[in-house]
Amino acid sequence: MQENLVIVESPAKAKTISGFLGKDFIIKSSFGHIRDLSKDDLGIDLKKKYKPYYIVPNDKKNVVKDLKSAASEAHLVWLATDEDREGEAIAWHLAEVLNLPPEKIRRIVFHEITRDAIKHAINHPRGINHDLVNAQQARRVLDRLVGFELSPLLWKKVKPALSAGRVQSVAVRLIVEKEREINNFSVSSSYRITGNFIYTAKDNKSYIFNAEYPVKIPTREEAKAILEKCRNAQFSILDLTRKPSKKSPAAPFTTSTLQQEASRKLGFSVSQTMTLAQRLYEAGRITYMRTDSVNLSNMALAMAKKVIESEFGPEYSRTRNFKTKTKGAQEAHEAIRPTFIENKTIPGNRQEQRLYDLIWKRTTASQMSEAIIEKTSIKVGVSTLEEPFIASGEVIKFDGFLKLYMESSDEDTEEQSKGLLPPVNIGDQITLQSMDATQRYAQASPRYTEASLVKKLEELGIGRPSTYAPTISTIQNRGYAIKEDRPGKERDIFIFSLESGQIKETTKTEIYGAEKAKLFPTDIGMLVNDFLVENFNDILDFNFTASVEKEFDKIAEGTMEWTGMIDRFYPAFHNQVVQTTISQPKPTGIRNLGVEPVTGKNVYVKMGPFGPMLQIGESGDQDKPKFASLLKHQSMETITLEEALNLFTLPRSLGQFEEQDILAGIGKYGPYIRHKNKFYSLKKDNDNPLTIKLEDAIALIQEKREQEKKRIIKKFVENPDLQILNGRWGPYISYHKNNYRIPKKYNPETLSLEQCMEIIKYSQEKKNNKSS
DNA sequence: CAGTGAGCGAGCTTCCGCTTGACTT
């Protein structure tokens, strides 16, 4: 009989711990939660004080079976799940499902996977904290009630398979409101004036430095006037200040900050980062990657100190303990750090190595001394102006952690590298080399990237480390938001330059508003958001989660009863769902764009049954209204009357090719061109049926014909149903409308009919084995 | 495959948080 069974949540953790405990302990993993509310119905009995109905999901049946048999053979079962709400609930579910009597249970917790922490935990067992379990049940039941009542309402009012929830709906709201903020941003411009000055020192060495006029000049005329005034002015050093300053390293990574930095520095998507981190974790390279804690174990601190001292010298080491500032953090784990900080690099693929390097640098830098910086500022007086120009310089006196790592920022500020300023003295005369007044446009706030949205959600206390990546995927899968690049637009900027006493005016074009991998709301996303905000303002409120979290805390402390908390929320919420179902019409987002000049009829944009659409004329009228679809990048919110009327010119003829018309239009499957009754999809971003030229359309047709030729690799006279074709993912066999992949060992050009049949037979057998 | 622009209608969709693989497309 095995003396002790220890159950943890993660198999990788189980593996590590088994090295720390003796032969008397067998370690197993629960793979997270083992039970959940039934999926086929609400899973909550509303008549019995919200009694949850839990079931073991199919993919957990084997885990439970295995744990059951291990538990029955053990003398004691140590429930070592995480020390947070969810972990406590998993421990309780385990006790219930495994049918463990209280005297057979030991509940233990540890925040770090070190020998000492685990030994200490074993020596300090406790019982299951039922208050904490109840807080989790309240959280689970509330989320189920909200999600399973709001989603069906959307199926009824908007379209099937949509969803809503406490977390995802707020995430969508953030994206929608950001988009509107940008759309409503009024572009203003001003002039920034900078001068290059020449200072000649006593030894005749001369230096050039740049200084900026501290006032933004609103108009061209005023900007030019200032340059005029500087044309014959005298320049001198009015003031010189040196200020010491310090920079401190950022805290070690949490899930959220890792996702942000990997996005900014390495260009990884949130899910890509998590997949790579998972692999590093399973390989024992890093600590657990789903954490909200910035804490490092004492062992890690000691390791870091040793590495820093030998690598950079003792003056670079400074041991630090970081405190989390995150709302609702549960800190069941350590920060994300290398398991062994002495491993500066690890084996693995390029991506894994890059992520590891980032984690290694961030962790190590967090334990290094601060950088000491001297900031210098020079005021350049102008005899004809009241305000002096200002030059600022920065000199690093001691680099400290900057030797290794600097956190990047979301704003694309064009911080020019500030260097050393010349050794000037107050009163020195200097001369002007050149001066520019450059037009600058105010920037709208940047759209969210996946990672900056995670950051915002974390600030609001919404979502957990384990759900950031899935939430980001969900809102995209539901079609509420789309991640994409958008090309920028050009605009002119005016520049006045003063050089050798002459003022010249030039115009430059700059690109603005280009977006890369940013989140844009879709029309459906905006429509659903407005509908939810209007009817369920309390749940869509950015503080909803924070306020229910306060109540969960009270439940966890034992000062509030969980079903009572739910009962103060649910009846009113349910009533609101019922009222909305009855009294609210289907939202269409309809907007009148103006009138069609010819007929005088109204032009509308609205959400139709098959997506956003345009309509000329009224729905009830005798002569039916005309309809048209929107193009991919047009949105209901920003489309203009002119753009709308343009779309009614489709389908249009581009001209003739091989004595037949080529038509361009928008169909059920998006924009297309049509020739001799064959359709060719317009897939590229810059393909537009309104603007495409005849020669581009012909090129497209010929390209497609070329592809068609290459499509068929081989046909068999004996069996015309079977073909070897070239597809998007390489060669495959097509047979009776089914496709079969060709194993790599075969050459598709020389396959015989018999071999094809073998491949088909083999792959069908494989499929059958799997489904049984 | 490339109309459509509702309201007879089968049956389905959905939440958030814990965890890993098994999966094509």
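Residue numbering restarts at 1 for every chain, and letters A, B, ... go by the order of the sequence lines.
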Scan for salt bridge (charged side-chain N to carboxylate O under 4.0 Å, His left out) pairs involving residues 26-37 of chain A, sequence neighbours excluded, and state none if there are none.
->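 As it turns out, the salt bridge (charged side-chain N to carboxylate O under 4.0 Å, His left out) pairs with a partner in residues 26-37 of chain A, which skip direct neighbours, are A:K28-A:D66, A:D36-A:R140.
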Identify whether the distance between the nearest side-chain nitrogen and carboxylate oxygen of [X] and [Y] falls below 4.0 Å.
| X | Y | value |
| --- | --- | --- |
| A:E459 | A:K327 | no |
| A:D623 | A:K601 | yes |
| A:R85 | A:E549 | yes |

Results of side-chain hydrogen bond (donor to acceptor under 3.5 Å, both in side chains) for [X] - residues two or more places apart only:
| X | result |
| --- | --- |
| A:Q615 | A:K606, A:S619 |
| A:D59 | none |
| A:K704 | none |

When we call it a touch if two heavy atoms are under 4.0 Å apart, what does [X] touch: a base, just sugar-phosphate, or nothing?
| X | value |
| --- | --- |
| A:G87 | nothing |
| A:D82 | sugar-phosphate |
| A:Y288 | sugar-phosphate |
| A:Q278 | sugar-phosphate |
| A:G611 | base |
| A:Q615 | nothing |

What integer distance in Å separates [X]:[atom1] from [N]:[atom2]?
| X | N | atom1 | atom2 | answer |
| --- | --- | --- | --- | --- |
| A:L132 | B:dC18 | CG | C1' | 14 Å |
| A:K39 | B:dT14 | NZ | C1' | 9 Å |
| A:R290 | B:dT19 | CZ | C1' | 6 Å |
| A:D40 | B:dC15 | CG | C1' | 14 Å |

To the side chain of [X], which of [options] is closest?
| X | options | value |
| --- | --- | --- |
| A:F627 | B:dG5, B:dT20, B:dT14 | B:dG5 |
| A:F31 | B:dC15, B:dG5, B:dT20 | B:dT20 |
| A:H33 | B:dC15, B:dT13, B:dC18 | B:dC18 |
| A:P152 | B:dT14, B:dC18, B:dC15 | B:dT14 |
| A:W155 | B:dT13, B:dT19, B:dG5 | B:dT13 |
| A:Y281 | B:dC15, B:dT19, B:dT20 | B:dT20 |

Could you spell out the base pairing of DNA chain B in dot-bracket, with Watson-Crick or G-U pairs whose two distances are under 3.5 Å, [ ] crossing and | to another strand?
-> .........................
Distance-only donor-acceptor check, side chains A:N646 and A:E643, under 3.5 Å = no
Is it true that the side chains of A:H675 and A:Q660 contain a donor and an acceptor less than 3.5 Å apart?
-> no
So does A:R144 get a side-chain nitrogen or oxygen closer than 4.0 Å to the phosphate oxygens (OP1/OP2) of B:dG17?
-> no
Pairs under 3.5 angstrom, nitrogen or oxygen only, protein versus nucleotides 1-3 of chain B, please.
from	atom 1	to	atom 2	distance (Å)
B:dA2	N1	A:S681	OG	3.2

Could you go through nucleotides 7-11 of chain B and list every protein N or O atom that sits under 3.5 Å from one of its N or O atoms, giving the distance for each pair?
from	atom 1	to	atom 2	distance (Å)
B:dG7	N1	A:K586	NZ	2.6
B:dG7	N2	A:K586	NZ	2.7

5' precedence on DNA chain B between A:I462 and A:S151 (nearest-nucleotide basis) |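 By nearest-heavy-atom nucleotide position, the 5'-most residue is A:S151.
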Are any non-hydrogen side-chain atoms of A:L614 and A:L593 less than 4.5 angstrom apart?
-> yes
For A:R705, salt bridge (Lys or Arg N to Asp or Glu O under 4.0 Å) partners two or more places apart = A:E658
Under the ring pair (Phe, Tyr, Trp, His ring centres under 6.0 Å) test, which residues partner A:H33, sequence neighbours left out?
-> none
Mind checking what makes ring pair (Phe, Tyr, Trp, His ring centres under 6.0 Å) contact with A:F648, not counting sequence neighbours?
-> none
Interface with DNA chain B, restricted to residues 163-173 of chain A and to heavy atoms under 4.0 Å =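 Under 4.0 Å from DNA chain B: A:S163, A:A164, A:G165, A:R166, A:V167, A:Q168.
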For residues 6-17 of chain A, which residues have at least one heavy atom under 4.0 Å from DNA chain B?
->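 DNA chain B contact set from residues 6-17 of chain A: A:E9, A:S10, A:P11.
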